[in-house]
J.: 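Starting off with a structure, shown below.
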Amino acid sequence: MKANKKTWLLIALGMFILVVGALLASFNEPKSYSPYLTQSPSPTGSKAFYEFADKEHEVSRWTAPPERLPDTSGAVLFMIEPYYTLSTEEQRLYERWMEQGNTIILMKQNPTGLFDRKTEMLNQVEEQSTATGFGGTYEVNVEQAFRLLKEDNDEVILKDSYGALVVEHSYGSGELLVSMSPQWSQNGRIMESDHAYIMEQLLTRGTEQILFDEYIHGSENVPTAFTIYPKWILVLALQLLVFAVLWLWYKGKRFGPIYTPRKYAVRFGDERLHALSAWYMRGGFYQESVDIQEEYLRRIIERRYGIRQDKSWPEIREALAKYQTTEQQKRWKDYTEGLDGSKSIHKSDYLKWSKKLDDLRKEVEQS
């Protein structure tokens, strides 16, 4: 008893130490950030670019939906890699804001579909490229295997030998700049090649106020089924769901846990066999038990091969010989020899005979 208490005490102490260690380790873990956030100091964040812009311009983060954008002109809104595809209504609100004389700089890995932008795939490109634009030549890293397509009223601001990297499109008194390389703004990439110079040129597009759109990075703003589908579809789906439940109820369907019948969890579905075998063992009825097993073996041989049960074992072995190999014939002779005639089974021989008869039974059933 004392040894058991000591063992459980050591186990409890070990578990306590593991829990405390896990808690302490979790407290020391660095905070994780999603990419392209302006408050993220990780290599995938854009905090360095935001703080650089804050030194030269009036900069702030924008976390409200597009319908609440400031009613001004001359402002610039940076949209760096939106986490979700903007809805048609949201794009229309952004377009109206640009028509008032404001500028949106969209930096997205693949801007296809946003503000009707299109791209073209290239057969082969190099990651390191020389780009021209903004009044100069720059070395940049372009990881995409496609380039922006120039549409009507578009002006190519930056391009390389493969195509357009940054294009400008007019919206009323404002404009939209589309860049396909948001990684240029990341903390870990902005100092590579000439990315910092290009980002500085983009900052000069703003004359009044520069906003960084963090609304497009909020997971709570991702469209759901309740905002994507029309209300009439949602109402129809709800009615179909209610109808299906009522129909199942009308048909008598019932839902609940699945219970396995006890008869499938015990041998042959009858626990009396266990009690009967225990009774034979306690009473020492070894001979009777072997006789029952032998009778059952004869029965399944008759059912399988048509050999009558009242035949002697030599006759049964002779009839089975045509279905067996030489090795099987020898084993059957060794196993059944001694079953015919009077026999006295003692406890020391009972398990041996039971094992032999059980092996022969399995062989017949599997043949």
J.: Checking side-chain hydrogen bond (donor to acceptor under 3.5 Å, both in side chains) between Arg117 and each of Asn110, Thr112, Asp154, which is the one that passes?
T.: Asp154
J.: Got Val140 and Leu165 here, is their nearest side-chain heavy-atom distance under 4.5 Å?
T.: yes
J.: For the pair Tyr305 and Tyr323, name the ring-plane relationship: parallel under 30°, tilted 30 to 60°, perpendicular over 60°.
T.: tilted
J.: Kindly indicate, with the supporting measurements, whether the criterion side-chain contact (heavy atoms from CB on, under 4.5 Å) is fulfilled by Gln183 and Gln109.
T.: CA-CA 8 Å; Gln183 66 270 15; Gln109 190 86 4; 3.3 Å; yes
J.: Quick one, Arg147 and Met180 - any side-chain contact, counting heavy atoms below 4.5 Å?
T.: yes
J.: Are Phe49 and Leu203 close enough, and set up right, to give a side-chain contact (heavy atoms from CB on, under 4.5 Å), and what steps lead you there?
T.: CA-CA 10 Å; Phe49 177 54; Leu203 285 174; 3.7 Å; yes
J.: With a 4.5 Å cut-off on side-chain heavy atoms, are Trp353 and Lys355 touching?
T.: no
J.: Verify the cluster assignment for Leu93 and Met79: are they in a single hydrophobic cluster under the rule of side-chain heavy atoms below 4.5 Å apart?
T.: no
J.: Do Glu214 and His217 meet the criterion of a side-chain donor-acceptor pair at a distance under 3.5 Å?
T.: yes
J.: Could you state the interatomic distance from CZ (Arg96) to CD (Glu67), rounded to the nearest 0.5 Å?
T.: 10.5 Å
J.: Which pair of heavy atoms, one from Pro66 and one from Tyr215, lies closest together, and at what distance?
T.: CD-CE2, 3.9 Å
J.: Of the non-hydrogen atoms in Tyr83 and Ser34, which two are nearest, and what is the gap between them?
T.: OH-CB, 3.1 Å
J.: Does Gln91 reach the main-chain N or O of Phe115 with its side chain, forming a donor-acceptor pair under 3.5 Å?
T.: yes
J.: Group every Ile, Leu, Val, Met, Phe, Trp and Tyr by side-chain heavy-atom contacts under 4.5 Å, then state whether Leu351 and Leu357 land in the same group.
T.: yes
J.: Hey, what do you get for CZ (Arg299) to CZ (Arg361), rounding to the nearest 0.5 Å?
T.: 13.0 Å
J.: If only side-chain N and O atoms count, and only distance matters, is there a donor-acceptor pair under 3.5 Å linking Arg317 with Thr336?
T.: yes
J.: Salt bridge or not for Glu302 and Arg298, using N-O below 4.0 Å?
T.: no
J.: Flag the pair Leu211 / Val76 as yes when at least one side-chain heavy-atom distance between them is below 4.5 Å, and no otherwise.
T.: no
J.: How close do Lys356 and Asp334 get, heavy atom to heavy atom, and via which atoms?
T.: NZ-O, 4.0 Å
J.: Is a side-chain N or O of Ser354 found less than 3.5 angstrom from the main chain of Tyr350, in a donor-acceptor match?
T.: yes
J.: Under 4.0 Å between a side-chain nitrogen and a carboxylate oxygen: does that hold for Glu81 and Lys108?
T.: yes
J.: If you measure from CG on Leu236 to CZ on Phe243, what distance do you get to the nearest 0.5 Å?
T.: 12.0 Å
J.: Without hydrogens or angle criteria, can the side chains of Ser173 and Gln100 be said to hold a donor-acceptor pair below 3.5 Å?
T.: no
J.: In sequence, state the C-alpha distance, the side-chain angles, and the governing distance for Tyr94 and Asn102, and then conclude on side-chain hydrogen bond (donor to acceptor under 3.5 Å, both in side chains).
T.: CA-CA 10 Å; Tyr94 281 117; Asn102 301 294; over 6 Å; no
J.: Determine whether a donor-acceptor pair (N or O, by modelled atom type, separation under 3.5 Å) exists between the side chain of Gln328 and the backbone of Thr325.
T.: yes
J.: With heavy-atom distances below 4.5 Å as the criterion, would you say the side chains of Tyr138 and Gln201 are in contact?
T.: yes
J.: Just by distance, with hydrogens left out, do Ser179 and Ser181 show a side-chain donor and acceptor under 3.5 Å apart?
T.: no
J.: Check each of Leu158, Ile105, Val167 against Leu177 using the side-chain contact (heavy atoms from CB on, under 4.5 Å) test, and report the only one that passes.
T.: Ile105
J.: Do NZ/NE/NH1/NH2 and the carboxylate oxygens of Asp359 and Arg331 come within less than 4.0 Å?
T.: no
J.: Less than 6.0 Å separating the ring centroids of Tyr197 and His195?
T.: no
J.: Please report the closest heavy-atom contact between Val59 and Ala53, naming both atoms and the distance.
T.: CG2-O, 3.4 Å
J.: Is there a donor-acceptor pair under 3.5 Å between the side chain of Asn187 and the backbone N or O of Ser42?
T.: yes
J.: Shortest non-hydrogen contact from Thr130 to Thr137?
T.: CG2-CG2, 3.3 Å
J.: Do you know which of Gln287, Glu295, Gln293 makes side-chain contact (heavy atoms from CB on, under 4.5 Å) with Asp291?
T.: Gln287
J.: Salt bridge or not between Glu89 and Arg92? Use side-chain N to carboxylate O under 4.0 Å.
T.: yes
J.: Apply the test side-chain contact (heavy atoms from CB on, under 4.5 Å) to residues Leu106 and Leu176: give CA-CA distance (whole Å), side-chain angles for both, the deciding distance (0.1 Å), then the verdict.
T.: CA-CA 7 Å; Leu106 173 65; Leu176 169 70; 4.3 Å; yes
J.: Any link between Leu114 and Leu202 through a network of hydrophobic side chains (Ile, Leu, Val, Met, Phe, Trp, Tyr) touching at under 4.5 Å?
T.: yes
J.: Under 3.5 Å, side chain of Asp349 to main-chain N/O of Lys352, donor-acceptor pair present?
T.: no
J.: Do Gln209 and Thr72 have a side chain donor and acceptor closer than 3.5 Å?
T.: no
J.: Sub-3.5 Å donor-acceptor pair from the side chain of Ser87 to the main-chain atoms of Glu90, do we have one?
T.: yes
J.: If the threshold is 4.0 Å, N to carboxylate O, is there a salt bridge linking Lys330 and Glu327?
T.: no
J.: Under a single-linkage definition using a 4.5 Å side-chain heavy-atom cutoff for Ile, Leu, Val, Met, Phe, Trp and Tyr, are Leu241 and Trp247 assigned to the same hydrophobic cluster?
T.: no
J.: For the backbone of Thr103 and the side chain of Glu175, can you confirm whether one donor and one acceptor N or O come within less than 3.5 Å of each other?
T.: no
J.: Are the charged groups of Arg189 and Glu143 less than 4.0 angstrom apart, N to O?
T.: yes
J.: From Leu122 CG over to Tyr162 OH, what is the distance, rounded to the nearest 0.5 angstrom?
T.: 8.5 Å
J.: Among Trp62, Phe52, Phe78, Tyr36, which residue meets the ring pair (Phe, Tyr, Trp, His ring centres under 6.0 Å) test with Phe212?
T.: Phe78
J.: Might you point out which heavy atoms bring Ser185 and Ser46 nearest each other, and give the distance in Å?
T.: OG-OG, 3.4 Å
J.: Can you tell me if Glu318 and Trp313 form a side-chain donor-acceptor pair at under 3.5 Å?
T.: no
J.: Look at the side-chain heavy atoms of Ile, Leu, Val, Met, Phe, Trp and Tyr, link any pair under 4.5 Å apart, and say whether Ile190 and Val142 land in one connected group.
T.: yes
J.: Nearest 0.5 Å, what's the CD-CD distance between Gln144 and Glu127?
T.: 9.5 Å
J.: What's the separation between atom CG in Leu297 and atom CD1 in Ile292, rounded to the nearest 0.5 Å?
T.: 14.0 Å
J.: Side chains of Trp332 and Glu363: does their closest heavy-atom pair fall under 4.5 Å?
T.: yes
J.: Can a donor-acceptor pair be found, under 3.5 Å and without considering hydrogens, that links the side chain of Asp194 to the backbone of Glu139?
T.: yes
J.: Are the side chains of Glu120 and Phe146 in touch, meaning some heavy atoms are under 4.5 Å apart?
T.: no
J.: Are any side-chain N or O atoms of Arg61 and backbone N or O atoms of Thr38, one a donor and one an acceptor, separated by less than 3.5 Å?
T.: yes
J.: Strictly distance-based, threshold 3.5 Å: is any side-chain N or O of Glu51 a donor or acceptor partner for the main-chain N or O of Ala48?
T.: no
